[in-house]
Amino acid sequence: MNEVRGTWFDGGRSKGNPARLRWSNVAVALITDEGLPVSVDRENLQVSSPLPGAPTRITFGGKGSFVTGDFTGVEKLRETLALNPGLASRVERHMPMVVAAAALVIAMLAGLAFWGVPALAARLALTVPEEISAQVSGVLMSQLDAFLEPSSIAPERREELERYFLSHGEVATIEFREAGIFGANAVTLGATMIAFSDELVELAESDEELLAVYFHELGHARLRHVEQNVFRSAAWLVMLTVLTGDIGAVGELLVGLPLSVGLAANSREFEREADAFAVDRLIEADLSPMHLATILQKLEASHLRQDDVEDSTGDGDNGRNPATDSEESSISYSPLDYLSSHPPTEERVAYVRSRMAEID
Amino acid sequence: MIDSGISGSNEVESIQKQQTSDEPFAFHGKGSDYFRIWIVNMLFTILTLGIYSAWAKVRTKRYFYGNTELAGDRFEYLASPIAILKGRLIAVAALLAYSFAGYISVAAGWITFALLLLLIPVFVVQSSRFNSSNSAWRGVRFGFDGGHRQAYPPHLFWPMFGVATFGFGLPFAWYKINQFQYNHYRFGITRSTSSATVHGFYGIGIGIFVSMILVIVLAIILIFSIGMLTAMIGGGESQLSAEVEAILVVFPSFLFVYASVAAIYQAMIYKLVFNNIEIGGNRLRSSISIEYVFLILSNTFLILVTLGFFYPWAAVRRVRYLMANILLEARELDSFAAGEFDHVSARGEEIGEAFDLGLGF
């Protein structure tokens, strides 16, 4: 006969009774120190999973509970009755397993961040019907319109450009706006909408340069980058909520940091994809990919000039950013975003040059 | 409270004094133990694509409750993971609806937002019921009696009033929330009461305002002195230093202001609320001080530099401090009677938790 000492709480009153739980292979009995036997049902016996420092709670199907801090005693009870302490508890107790768990967690979080979430978002983005995309574009455009003015470019010129662009691709809507302080820029607002700023149209010295920008944006549109970003941020939100359930507000602020850096990294990768798409299309149209490099350099120069005038506000395009700013306008989180939303212009120009070399 | 007569109240007080004994709270958890639980929870949660998070939550809470002692006995957390899982699934669905609605149309976004706002009081009540009825001490469960309808003024109307009055009404809202919550908790069948006054909450409001200004001034001085220092050390590449400044100065300063003000607010609220709770003639006493703010700041700093891995030690330090600074002036702890409790759904709790991210009441 084995026994553990503990306290019996009857579940009716907040007074504990010192008691002993006794057991053998066949029977379990509970006796309080006052000699009061408590009827216990072995069939319904439940032992709480072990936790370091916390007492074990044993119940018998009724309101009452027997609580004990005698860990070795409880271990024996588990052995006799063949009770499973639970997988979590077994892993927690072995230091090598804990270390392995930590390494696995880091590896899996990195895997999710760099591969899992992007892959899931890419797959889901392709399932979004065009009508829904068009609706999203409308919402994003109306949000942007709060900061933009109607285009002051002659309607004939706009129609001419639109016809020229559409003869090389089939995005449904092309919009023009005066962007003011945002300067020369173009954005993709979904699978079916691309917007140009007047300043960009004026900056370009040939329509081929504008076509290069159009192809870049078309790349964003075709590859569903806006939709991918929507899914990525939703996936992150759900993941962080589930993982940080009880970390508290400061913890959330901290996990927000890798989130914003991650999103900026995503957007750099999107820019590269869109550049590659644009170069392919330019080659297909028998035009020189250098048009893209030219307009990128002009954009950089124009933003540097603008920054000199405004003394850099520190938000959005910080000088280096070429105008082909895309979807993240609506999904930006922290002042760190601007650090890396686009790859440096030299790198992008070098890429175009390398592709040029390929054709020659 | 109005005294019926000076001599009478003195008599009552002296009787109470004779009978009370100070029962301290104590937390026995260890950072290293909680780290093991935390990392295994995280692992299983990722491996099960989030399903295990409900079990993880129960295990964490059982660890913290089971290591909290009052008058020789530990607290217990008794919630069923399945109930929490159900709530969590609904919460995730709501969270997804909330994050997609704004893209479909501006109106849909606002309607979802308004709906969630309207449901906040319901979530709060569900959460209070679920949490309290799954907490126990000496085999007797806690409970919460506040109704959904009663929750609307304190948890929706008064906070909105507080915002509409540019914050001047907020302490009144805190007062209303305190009245609603702490007059409806019970231990067994015994209700708690709160004697916190409006004045107390306005005191906190003023304290927060003043400390916010002080902390912001301190942060600005810090930013400037660091800026001067880096400028003196070397001009360097101007763009690079702007980026470095953002990472090393602006974000930490923001975090410093945020964490300080949050900690000051928490410390003052805890002190006021705890010092005014009474249940069955037993009163809580709290000695939480500015130490709490330093503790939260050092926790935040250590969590940041360890990329989150200090979190388990931080959580343990925080609870240990809080428990070391709460005392129960106990008169009678043996005769609380348990009541019969209805089954409570986990929905409110988990949805409320999921939306902590977005809504800051």
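The figures that follow rest on heavy atoms only: side chains count, while hydrogens, waters and symmetry mates do not. Proteins get letters first, then strands, A, B, ... in listed order; numbering begins at 1 in each.
The CD1 atom of A:I106 sits 9.0 Å away from atom CE of B:M42, with the distance rounded to the nearest 0.5 Å. Between A:L109 atom CG and B:I46 atom CD1 the span is 4.0 Å, to the nearest 0.5 Å. With rounding to the nearest 0.5 Å, the separation of CD1 in B:I39 from CG in A:L104 is 9.5 Å. Between B:Y52 atom OH and A:L87 atom CG the span is 7.5 Å, to the nearest 0.5 Å.
Heavy atoms of other residues, nucleotides or ligands lying less than 6.0 angstrom from OH of B:Y270 number more than 12. Crowding of A:Q46 atom CD: a count of heavy atoms from other residues, nucleotides or ligands under 6.0 Å not exceeding 12.
Smallest separation of non-hydrogen atoms from B:R59 and A:P50: NH2-O, 2.9 Å. Of all the heavy atoms in B:G66 and A:P55, the pair that sits closest is O-CD, 3.2 Å.
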Name the atoms and distances for all side-chain donor-acceptor pairs under 3.5 Å in residues 332-339 of chain B, with sequence neighbours left out.
{"from": "B:E332", "atom 1": "OE1", "to": "B:D334", "atom 2": "N", "distance (Å)": "2.9"}
{"from": "B:D334", "atom 1": "OD1", "to": "B:R138", "atom 2": "NH1", "distance (Å)": "2.8"}

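Using a 4.5 Å cut-off on side-chain heavy atoms (C-beta onward), B:V40 and A:M97 make no contact. Using a 4.5 Å heavy-atom threshold, the side chains of B:Y103 and A:V139 count as separate. Here the side chains of A:E92 and B:D33 are not in contact, with every heavy-atom distance at 4.5 Å or above.
In terms of heavy-atom pairs under 4.5 Å with chain B, the best-connected choice from A:G16, A:A88, A:A234 is A:A88. Considering only heavy-atom pairs separated by less than 4.5 Å from chain B, the leading option among A:P52, A:S137, A:A101, A:A102 is A:P52. Most heavy-atom pairs under 4.5 Å with chain B: of the set A:S65, A:A235, A:G11, this distinction falls to A:G11. The residue among B:L49, B:V140, B:N67 with the most heavy atom pairs within less than 4.5 Å of chain A is B:N67. Ranked by non-hydrogen atom pairs under 4.5 Å with chain A, the options B:T45, B:N41, B:L78 are led by B:L78.
Only the side chain of B:R74 comes within less than 4.5 Å of a heavy atom in chain A; its backbone stays farther off. When heavy atoms are compared at a cutoff of 4.5 Å, B:F75 does not approach chain A at all. Only the side chain of B:D73 comes within contact range of chain A, with heavy atoms under 4.5 Å apart. Contact of B:Y65 with chain A is not made at all, since no heavy-atom distance falls under 4.5 Å. Interface remark: B:Y63 contributes backbone and side-chain atoms alike to the contact with chain A (heavy atom separation under 4.5 Å).
For A:R57, the salt bridge (charged side-chain N to carboxylate O under 4.0 Å, His left out) partners are B:E76, not counting sequence neighbours.
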(message) side chain to side chain contact (heavy atoms under 4.5 Å, CB included), that's the test. Do B:W38 and A:V105 meet it? Break it down for me.
(response) CA-CA 11 Å; B:W38 180 72; A:V105 165; over 6 Å; no
